[in-house]
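Computed from a predicted model, the values in this text were never measured in an experiment.
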Amino acid sequence: MIAFRCNTAGVNNPFSNEACEAVFRWSKGVPREAIKLCAMGLQYALANELELVTKEIIEAAQFDLVKSSDPLTEKPKGSTVKAAIEALS
């Protein structure tokens with residue numbers, strides 16, 4: 001879905017394969033949730049001048065989307081954009 005939407009928009013897919021898998025896992029395949037997650041992940045990457053959206057960025061975006069609305073949601077390791085960028089360094 002991500003690759004299709006990027007192709008339709010005429011842009012190169014900025015999402016790594018692992019990021020695409022994370023989007024599917026966190027969104028449970030629900031298109032609206034996947035789109036929100038991709039949009040936030042792309043914003044995080046662009047705000048930090050990154051050309052690739054990684055799994056860590058998607059996990060940070062997912063945590064920020066969910067926040068504490070679900071008390072059973074555990075904060076994923078490296079769930080901040082800063083931690084994601086440090087992981088890439």
Side-chain angles (χ1 to χ4, degrees):
M1 178 182 87
I2 296 169
F4 172 78
R5 286 188 172 267
C6 289
N7 188 36
T8 301
V11 298
N12 291 327
N13 185 355
F15 294 86
S16 70
N17 289 335
E18 293 82 13
C20 291
E21 291 171 9
V23 167
F24 180 76
R25 185 178 75 244
W26 288 111
S27 69
K28 297 180 175 83
V30 177
R32 182 172 298 209
E33 298 303 317
I35 291 168
K36 288 193 296 189
L37 195 50
C38 286
M40 185 168 275
L42 187 58
Q43 287 176 356
Y44 285 0
L46 293 174
N48 290 283
E49 299 178 2
L50 300 173
E51 293 182 12
L52 184 68
V53 180
T54 64
K55 178 183 99 167
E56 291 81 11
I57 291 173
I58 293 299
E59 289 177 347
Q62 187 278 335
F63 179 74
D64 288 345
L65 282 172
V66 173
K67 286 288 185 185
S68 60
S69 64
D70 182 359
L72 300 178
T73 301
E74 185 176 316
K75 183 177 180 180
K77 183 178 179 183
S79 64
T80 65
V81 173
K82 182 179 177 184
I85 293 169
E86 289 173 0
L88 296 173
S89 301

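- Using a 4.5 Å cut-off on side-chain heavy atoms (C-beta onward), W26 and E59 make contact.
- Shortest non-hydrogen contact noted between T54 and S16 is CA-OG, 3.9 Å.
- Note that the NZ atom of K55 and the CD atom of Q62 stand 13.0 Å from one another [nearest 0.5 Å].
- Both V53 and L65 are part of a single hydrophobic cluster, where members link through side-chain heavy atoms under 4.5 Å apart.
- With rounding to the nearest 0.5 Å, the separation of CG in L37 from CG in L42 is 11.5 Å.
- With values rounded to the nearest 0.5 angstrom, L46 atom CG is found 10.0 Å from E51 atom CD.
- When all heavy atoms are compared, the tightest approach of P14 to C6 is CD-SG, 3.8 Å.
- Atom CG of N12 is separated from atom CG of L52 by 11.5 Å, given to the nearest 0.5 angstrom.
- Applying the 6.0 Å contact sphere to CZ of R25 captures more than 12 heavy atoms from other residues, nucleotides or ligands.
- Residues satisfying the side chain to side chain donor-acceptor pair (under 3.5 Å) criterion with E21, sequence neighbours excluded, are absent altogether.
- The structure places SG of C38 at 5.5 Å from CE of M1, a figure rounded to the nearest 0.5 Å.
- Both V23 and L50 belong to a single network of hydrophobic side chains, linked directly or stepwise wherever heavy atoms of I, L, V, M, F, W or Y lie under 4.5 Å apart.
- The two residues F15 and C20 make their nearest non-hydrogen contact at CB-SG, 3.8 Å.
- The distance from atom CD1 of I58 to atom CD of E18, rounded to the nearest 0.5 Å, is 12.0 Å.
- If you chain together hydrophobic residues whose side chains sit under 4.5 Å apart, M40 and I57 fall into the same group.
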